[in-house]
Amino acid sequence: VCSTIRLNEGISQKNYYCSQIHSILKILGYYVASSLQTLVLLDPDYYNADPASIGELTAFILVLQLMLNMIVNLVYGHLCDKFGRKTMIYYGAINYLISCIVITTQRSIFPGFILGKLILTNAEAALDSVPLTADYIHNESKGKAVGLSGFIFSASSLVANLYLKSLFYEDLSLGKIYMITGVLIFTALIINSFGLKGGQYH
């Protein structure tokens with residue numbers, strides 16, 4: 001499928017493949033953080049939340065995340081054009097790592113866990129503001145590229161599920177899973193960014 005996608009002038013196959021790896025890393029990071037949320041909230045070693053109120057708490061956190069998203073998405077889209085794509089990737093990667101550290105080192109839901117989740121939301125918004133597909137794909141291939149993106153999303157979610165199960169199988173604590181994932185995603189995003197097209201608008 002990749003061989004049939006026409007790239008914009010000046011974009012190499014390496015740039016395109018690295019853009020797909022970027023998408024995979026984002027999905028892996030989002031999936032793991034989302035999947036662990038309820039578990040870490042209920043875990044007596046971490047936040048020990050009341051099971052009867054977990055639904056209300058989760059809904060409240062989601063509202064806060066959506067409100068933050070509405071604000072920062074507008075800002076980050078502007079900053080991405082002003083300072084370049086890689087700057088936002090680095091910023092998002094750093095925030096993802098910080099969120100994992102905060103979530104695993106705090107023990108209070110207010111402000112500890114909520115602060116960690118908002119930093120995570122900030123990281124996601126920064127990474128989502130980078131329009132690699134729009135930068136790299138020629139107009140005649142955008143449909144194919146979106147179809148491939150759908151496949152990558154599903155496949156990456158399956159890989160993330162297997163990744164989580166393998167860590168659970170090793171009987172690792174939730175804190176260690178967060179930290180391993182945080183370091184992995186941060187490092188991989190930074191290394192992978194060297195394969196992306198340079199310049200302010202790439």
Side-chain angles (χ1 to χ4, degrees), residues 1-8 11-40 58 61-62 65-66 68-70 72-74 76-77 80 85-86 88-97 99-100 103 117-168 177-178 180-197 202:
V1 177
C2 294
S3 61
T4 66
I5 293 177
R6 182 179 173 188
L7 303 176
N8 285 327
I11 303 300
S12 67
Q13 287 288 331
K14 181 185 73 173
N15 298 151
Y16 179 66
Y17 289 134
C18 286
S19 74
Q20 299 309 301
I21 293 172
H22 176 82
S23 297
I24 292 169
L25 293 172
K26 284 197 308 178
I27 295 165
L28 176 62
Y30 300 170
Y31 184 98
V32 171
S34 176
S35 299
L36 293 178
Q37 174 174 308
T38 302
L39 295 176
V40 77
T58 301
I61 293 173
L62 179 60
Q65 288 180 284
L66 291 172
L68 178 62
N69 246 324
M70 287 190 296
V72 297
N73 271 319
L74 296 174
Y76 290 162
C80 192
R85 283 33 171 164
K86 290 188 179 183
M88 295 310 297
I89 291 174
Y90 299 151
Y91 177 73
I94 291 170
N95 273 262
Y96 187 88
L97 179 58
S99 73
C100 291
I103 289 173
K117 287 295 291 186
L118 292 180
I119 296 173
L120 177 64
T121 300
N122 189 55
E124 293 173 355
L127 293 172
D128 284 340
S129 70
V130 181
L132 295 179
T133 297
D135 288 343
Y136 290 0
I137 308 299
H138 192 273
N139 285 338
E140 71 180 44
S141 294
K142 288 193 189 298
K144 293 177 184 176
V146 170
L148 180 60
S149 295
F151 170 82
I152 288 175
F153 178 86
S154 299
S156 299
S157 297
L158 288 174
V159 170
N161 182 273
L162 294 174
Y163 164 80
L164 260 184
K165 285 183 177 179
S166 67
L167 293 182
F168 286 144
I177 294 176
Y178 263 110
I180 289 171
T181 305
V183 172
L184 172 66
I185 296 299
F186 169 79
T187 304
L189 282 171
I190 298 299
I191 293 174
N192 184 69
S193 72
F194 291 104
L196 298 174
K197 179 71 175 178
H202 293 102

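Note that the numbering runs from 1 along the sequence shown for the chain.
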Looking only at heavy atoms, which two atoms of Ala93 and Ile190 are closest? And how far apart?
CB-CD1, 4.1 Å
Closer than 3.5 angstrom, by distance alone: can the side chain of Lys86 be matched with the main-chain N or O of Ser193 as a donor-acceptor pair?
yes
Minimal non-hydrogen separation, Lys117 against Ala33, with atom names
NZ-O, 4.3 Å
Pair Lys142, Thr133 - check side-chain contact (heavy atoms from CB on, under 4.5 Å), show working.
CA-CA 8 Å; Lys142 288 193 189 298; Thr133 297; 5.7 Å; no
From the list Asn8, Asp135, Ile11, Leu7, side chain to side chain contact (heavy atoms under 4.5 Å, CB included) partner of Lys197 resolves to Ile11
Specify the closest pair of heavy atoms between Leu68 and Leu118, including all atoms of both residues, with the distance to one decimal.
CD2-O, 3.3 Å
If only atom types and distance count, is the side chain of Thr187 paired as donor or acceptor with the main-chain N or O of Val183 below 3.5 Å?
yes
Ile27 versus Val159: any side-chain heavy-atom pair under 4.5 Å?
no
May I ask you to decide if Tyr96's main-chain N or O and Ser99's side chain share a donor-acceptor pair within less than 3.5 Å?
yes
Hits for side chain to side chain contact (heavy atoms under 4.5 Å, CB included) against Ile180, two or more places apart or cross-chain, chain-then-number order -> Tyr163, Leu172
Under a 4.5 Å cut-off applied to non-hydrogen side-chain atoms, are Tyr136 and Leu196 in contact?
yes
Any side-chain heavy-atom pair from Leu127 and His22 closer than 4.5 angstrom?
yes
Is the shortest heavy-atom distance from the side chain of Leu28 to the side chain of Ser156 under 4.5 Å?
no
Side chain to side chain donor-acceptor pair (under 3.5 Å) partners of Asn95, counting only residues at least two apart
Asn122
Just so I know, are the side chains of Leu148 and Lys144 near enough to count as touching, which here means a heavy-atom distance under 4.5 Å?
no
What distance separates Asn69 CG from Tyr76 OH, expressed to the nearest 0.5 Å?
10.0 Å
Could you walk me through whether Arg85 and Cys80 pass the side-chain contact (heavy atoms from CB on, under 4.5 Å) check?
CA-CA 5 Å; Arg85 283 33 171 164; Cys80 192; 3.7 Å; yes
Could you tell me which residues satisfy salt bridge (charged side-chain N to carboxylate O under 4.0 Å, His left out) with Lys26, sequence neighbours excluded, listed by chain and number?
Asp128
So how far is it from Ile21 CD1 to Leu132 CG, rounded to the nearest 0.5 Å?
12.0 Å
side-chain contact (heavy atoms from CB on, under 4.5 Å) between Asn192 and Ile89, worked out:
CA-CA 10 Å; Asn192 184 69; Ile89 291 174; over 6 Å; no
Please check: side-chain N/O of Asn15 versus main-chain N/O of Ser12, any donor-acceptor pairing under 3.5 Å?
yes
If you look at every heavy atom in Gly92 and Ala126, which pair is closest and at what distance?
CA-CB, 3.9 Å
Once rounded to the nearest 0.5 Å, what's the spacing between atom SG of Cys18 and atom CZ of Phe194?
11.5 Å
Mind checking whether Leu184 and Thr181 have side chains closer than 4.5 Å, heavy atoms only?
no
Hey, mind stepping through Leu189 and Ile185 against side-chain contact (heavy atoms from CB on, under 4.5 Å) and telling me if it holds?
CA-CA 6 Å; Leu189 282 171; Ile185 296 299; 3.6 Å; yes
Minimum heavy-atom distance Cys100-Gly182, with the two atoms named:
SG-CA, 3.7 Å
